[in-house]
Amino acid sequence: MHRFRTTVSRLRPLAAAQTGPSQSQPRPPAGAGSFMAPRASRALNSSPAARPFPSGASSNYVEEMFSAWLENPGNVHEVLFMVLKTWTRCSGCPPPPSSGAARARCPSGRSSGAWRFEEFLQRKWSSEKRFGLEGCESLIPALKTIIDESSLSGVESVIMGMPHRGRLNVLANVIRKELDQIFCQFDSKLEAADEGSGDVKYHLGTYNKRMNRVSDREVTMSLMANPSHLEAVDPVVQGKTKAEQFYCGDTEGQRVMSILIHGDAAFAGQGIVYETFHLSDLPSYTTHGTVHVVVNNQIGFTTDPRMARSSPYPTDVARVVNAPIFHVNADDPEAVMYVCKVAAEWRTAFHKDVVVDLVSYRRNGHNEIDEPMFTQPLMYKRIRKQRGVLEKFAEKVIGEGVVTTRAYEEEVARYDKICEEAYARSKDEKILHIKHWLDSPWPDFFTVDGQPKSLSCPSTGISEEELGHIGSVAASVPVEDFKIHGGLSRVLKGRANMVSQRVCDWALGEYMAIGSLLKEGIHVRLSGQDVERGTFSHRHHVLHDQNVDKRICIPMNFISPDQAPYTVCNSSLSEYGVLGFELGFAMASPNALVLWEAQFGDFHNTAQCIIDQFISSGQSKWVRQNGIVLLLPHGLEGMGPEHSSARTERFLQMCNDDPDVFPTLTEDFAVRQLFDCNWIVVNCSTPANFFHVLRRQILQPFRKPVSDVRTAVCLITSPPPPPPPPFPPAATHFRRLIPDDGDPEKVKRVVFCSGKIYYELIRERENRGLKEAVAVVRVEQLSPFPFDLVKAETDRYPTADLVWCQEEHKNQGYYDYVKPRIRTAIQRTRPVRYAGRDPAAAPATGNKPTHLAELRRLLDAAFHLEAGQVE
């Protein structure tokens with residue numbers, strides 16, 4: 001369609017007054033200040049604000065603007081005019097340079113390093129995997145041009161994400177990571193000084209702040225660590241960018257920006273690219289424009305483009321947001337730098353995404369020891385005849401007299417010497433420091449050595465007066481002349497009644513936790529599908545005027561005059577992209593509580609990559625702490641397989657505590673357990689405990705993800721709901737385990753459980769008259785496992801049977817995780833019986849009678865003192 005419209009537009013007779021050049025006319029010389037400076041005859045008479053602006057209302061607005069520009073160049077916005085002008089110029093050959101000095105920059109030190117760096121690595125470590133950039137070395141001057149132009153426009157921070165191909169080169173020549181630190185990563189004899197697994201060198205990120213020589217301004221650059229899931233880092237970068245913009249008050253993206261580097265096959269094939277693009281213009285997720293650079297190798301591992309995508313170009317996915325796409329020959333550094341300058345100016349002017357497609361090739365196979373001739377013999381016969389881009393460009397500018405052969409050779413020798421000296425220094429390294437590769441440092445939060453300033457956590461309780469004040473706000477509409485829904489009036493009245501009685505339900509407990517943190521100056525961000533109201537219509541953090549469209553009220557922002565802002569935002573119908581975004585947001589600062597709620601607990605399935613690759617293992621691989629909270633509604637209510645289970649077994653399987661080792665007990669045991677674990681898994685059975693675990697996330701002296709916090713909304717919807725418990729008292733903490741008050745001499749069985757099933761158990765125990773014979777103990781924190789408290793409870797009842805009861809199926813839920821740990825706590829002196837559903841493939845039944853029959857059987861197993869399976 002684009003080609004058709006362009007062709008038709010060219011066939012139309014141009015107006016006699018048109019002064020703009022067509023593609024057949026010679027290009028005008030560029031002005032001294034800019035490659036794209038228009039001639040005086042092209043000056044527009046109206047102000048930029050009065051000129052037509054691409055609103056995005058039409059899915060083809062850029063093409064339509066192009067057609068309009070061909071007819072009358074004066075009827076489009078000035079910056080768009082320059083972009084369209086660039087399209088016509090880049091369709092043929094590269095634009096002429098503005099001066100010899102400008103052309104000499106390409107083979108100079110700041111650009112030739114890209115080519116010489118790869119050659120140096122090849123000489124020193126020819127058999128090592130490094131996923132080099134050979135064939136698309138122009139990526140380095142491309143990124144530098146984008147950063148230079150953005151810095152000139154006022155950008156102070158650039159956050160970048162990329163796959164592994166070319167990462168070492170970007171680290172060395174763009175971020176300016178110390179070369180000796182890169183080279184020592186190739187030494188297989190060096191051991192890591194930091195705890196954890198570490199990661200391969202081409203997954204690592206880093207952070208650096210340096211002076212930009214073009215703008216003479218300091219620029220902070222961060223390259224995010226990324227696993228081999230090529231595009232998984234995209235939303236993480238966007239989330240961190242959004243957070244930095246938020247904290248510095250950058251509402252238009254003028255100070256903080258993101259750059260995403262992609263491969264052609266991944267850009268077309270990975271769905272997370274599409275999800276990330278669709279976040280680009282949402283109010284609570286926009287980063288006000290991202291520059292995307294595609295390293296187009298024209299191959300994916302061994303797969304040809306004709307087998308890898310259905311679209312003509314790998315970049316066609318960007319058309320869904322009307323992003324301009326520039327295809328440029330990566331063997332022409334001048335054209336690459338020119339197009340990147342245009343892309344940076346587009347982003348600055350319109351605050352929208354823009355894509356640069358570097359059409360290139362991959363000189364080696366998928367890695368340096370891979371043989372590409374197996375699958376692409378003809379392609380690689382041509383590639384092996386292809387001269388390097390530096391060699392070709394140097395020959396060109398030397399032949400034109402822009403630089404001399406001697407100057408070029410001296411520049412190459414200078415960079416080679418830098419590499420050799422760094423290589424010699426790398427030999428002096430004795431150990432590897434993973435923390436030297438941290439991409440999101442929190443210098444004021446930790447000590448100089450990167451350790452917590454203490455291992456103590458203050459009380460998470462607050463005064464009853466504060467709770468009452470926050471509850472009163474939760475029950476009010478603090479905006480005048482604001483008409484709310486009649487049903488919501490009843491909800492607020494119910495909250496007011498609870499506040500007067502000094503009790504709270506789940507929604508109010510959450511409200512009090514968030515409100516108290518806001519009052520203490522902690523920013524809170526809650527994101528996810530339908531979180532403003534809540535999936536179960538229990539939250540109502542955003543009130544809507546029934547008479548005025550788009551008029552809303554967020555009472556949480558009226559708690560205190562000097563409070564921190566509260567952000568609550570419904571997300572797009574995405575889990576993978578949105579969870580990655582919130583993870584990135586939580587990386588920017590430890591002094592914020594970032595929560596992501598799944599609409600139902602099992603909806604985290606489509607975000608499993610973020611959970612596996614970033615959240616559960618991020619600290620171990622990259623020494624990067626993160627305090628994100630995952631809220632996963634969970635509970636079997638007979639609603640079918642898809643709306644019942646949060647798949648707790650998956651989270652528990654990834655916990656790093658040893659089931660066979662009873663940890664050493666110390667005074668700070670509970671906090672030290674949290675510090676040593678990779679993440680925290682809890683299933684709260686009371687609003688008070690939910691209140692405390694949210695506040696503990698901020699008050700503890702380090703940050704760990706809380707994965708699998710169960711917002712027990714099933715307790716709200718299942719009849720009959722338990723009575724609201726009292727306000728959480730002051731000077732209290734989160735309770736890892738809640739014991740029963742049974743008489744040790746009368747108790748014959750101790751039933752351990754977690755979450756909602758507790759209320760089913762105590763109701764059944766009451767009906768059977770077994771209150772004295774059976775004690776029901778709630779394990780609120782599953783990981784790290786409360787060995788000390790479980791041991792204390794079992795010691796209280798030395799002759800009682802031990803049972804683990806759960807509503808999930810035996811091969812799911814908590815059983816496989818808790819059984820060996822309970823056995824370790826009791827030194828394997830007693831068996832642990834199981835009461836629950838039989839193993840099954842699906843998480844739950846969709847048949848209500850079957851659900852009730854299963855529930856009856858598990859309750860019988862829990863309370864029949866002769867029943868249960870001995871394991």
Side-chain angles (χ1 to χ4, degrees), residues 106-141 143-144 160 162-194 198-211 213 221 223 225-226 362-365 367-370 388-391 394 406-439 622-623:
C106 292
S108 69
R110 73 187 299 267
S111 299
S112 63
W115 293 272
R116 300 305 301 170
F117 180 80
E118 298 293 352
E119 289 191 15
F120 183 84
L121 295 184
Q122 180 63 25
R123 288 200 311 271
K124 297 295 184 183
W125 298 283
S126 59
S127 61
E128 281 273 351
K129 289 183 182 180
R130 53 185 170 82
F131 296 93
L133 197 56
E134 291 99 323
C136 193
E137 294 96 336
S138 291
L139 173 67
I140 302 304
L143 296 177
K144 289 185 176 184
M160 302 167 60
M162 68 178 300
H164 42 278
R165 184 166 310 285
R167 178 175 286 261
L168 295 181
N169 207 321
V170 171
L171 285 166
N173 291 301
V174 178
I175 308 295
R176 299 297 179 88
K177 180 69 178 175
E178 299 90 338
L179 292 178
D180 53 303
Q181 291 293 317
I182 296 176
F183 295 156
C184 72
Q185 289 285 330
F186 287 89
D187 191 339
S188 60
K189 298 178 183 179
L190 296 184
E191 295 184 1
D194 310 282
D199 204 347
V200 290
K201 49 190 167 290
Y202 40 80
H203 287 173
L204 299 176
T206 196
Y207 169 96
N208 191 21
K209 187 173 184 178
R210 65 180 182 85
M211 184 66 67
R213 290 188 292 177
M221 292 183 292
L223 178 63
N226 189 39
R362 189 185 67 195
R363 183 167 292 279
N364 301 307
N367 57 62
E368 285 68 27
I369 59 177
D370 185 50
V389 59
L390 176 63
E391 181 184 350
R406 179 178 179 181
Y408 165 70
E409 292 174 348
E410 287 178 351
E411 191 60 57
V412 169
R414 185 187 70 83
Y415 190 85
D416 287 350
K417 181 181 179 182
I418 291 173
C419 290
E420 289 290 352
E421 291 173 349
Y423 176 73
R425 291 195 303 272
S426 72
K427 294 295 185 181
D428 297 332
E429 294 287 342
K430 304 301 180 185
I431 55 177
L432 291 176
H433 292 280
I434 304 173
K435 63 186 177 184
H436 290 169
W437 297 80
L438 193 60
D439 57 20
W622 306 315
V623 201

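FYI, the numbering just counts along the sequence from 1.
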In the structure I gave you, are the side-chain heavy atoms of [X] and [Y] within less than 4.5 Å of one another anywhere?
X	Y	value
L390	Y408	yes
V174	L223	no
K201	L171	no
F183	K427	no
F117	L179	yes
V170	I140	yes

- Message: I'd like to know if E410 pairs up with R406 as an ion pair, taking the criterion as any Lys NZ or Arg NE/NH1/NH2 lying under 4.0 Å from an Asp or Glu carboxylate oxygen.
- Response: yes
- Task: Using a strict 4.0 Å threshold on nitrogen-to-oxygen distance, state whether E411 and R414 make a salt bridge.
- Result: yes
- Among all residues two or more places apart in sequence or in another chain, which pass the ring pair (Phe, Tyr, Trp, His ring centres under 6.0 Å) test with H203? none
- With Y423, which residues qualify under ring pair (Phe, Tyr, Trp, His ring centres under 6.0 Å), at least two apart? W125
Interatomic spacing from [atom1] in [X] to [atom2] in [Y] - rounded to 0.5 Å:
X	Y	atom1	atom2	value
M221	T206	CE	OG1	10.0 Å
N208	D439	CG	CG	13.0 Å
C184	I431	SG	CD1	10.0 Å
C419	R123	SG	CZ	8.0 Å
R176	M211	CZ	CE	13.0 Å
L121	N169	CG	CG	8.0 Å

- Message: Is there a side-chain contact (heavy atoms from CB on, under 4.5 Å) between E420 and K124? Walk through the geometry before answering.
- Response: CA-CA 10 Å; E420 289 290 352; K124 297 295 184 183; 3.5 Å; yes
- Task: Determine whether more than 12 heavy atoms belonging to other residues, nucleotides or ligands lie under 6.0 Å from atom NZ of K209.
- Result: no
Closer than 3.5 angstrom, by distance alone: can the side chain of [X] be matched with the main-chain N or O of [Y] as a donor-acceptor pair?
X	Y	answer
D199	L204	no
R362	G135	no
E368	Q122	no
E137	W115	no

- Residues in side chain to side chain donor-acceptor pair (under 3.5 Å) with R363, at least two apart? Y361
- side-chain contact (heavy atoms from CB on, under 4.5 Å) evaluation trace for L168 with F186: CA-CA 11 Å; L168 295 181; F186 287 89; 3.8 Å; yes
- Only one of R165, E118, E119 forms a side-chain contact (heavy atoms from CB on, under 4.5 Å) with E134, so which one is it? E118
- Message: Against the six-membered ring of Y202, is K129 placed for a cation-pi contact (under 6.0 Å from the centre, within 45° of the normal)?
- Response: no
- Query: For W437, is the NZ or CZ atom of K177 found under 6.0 angstrom from the centre of its six-membered ring and inside 45 degrees of the ring axis?
  - Reply: yes
- Task: Check the pair M160, L143 against side-chain contact (heavy atoms from CB on, under 4.5 Å), reporting the backbone distance first and the verdict last.
- Result: CA-CA 10 Å; M160 302 167 60; L143 296 177; 3.8 Å; yes
- Task: Quick one: closest heavy-atom pair of S127 and I369, and the distance?
- Result: O-CG2, 3.5 Å
- Where do Y415 and N173 come nearest, in terms of heavy atoms and distance? OH-OD1, 2.9 Å
- Task: Output, in order, the C-alpha distance, side-chain angles, deciding distance and verdict of side-chain contact (heavy atoms from CB on, under 4.5 Å) for M162 and N226.
- Result: CA-CA 7 Å; M162 68 178 300; N226 189 39; over 6 Å; no
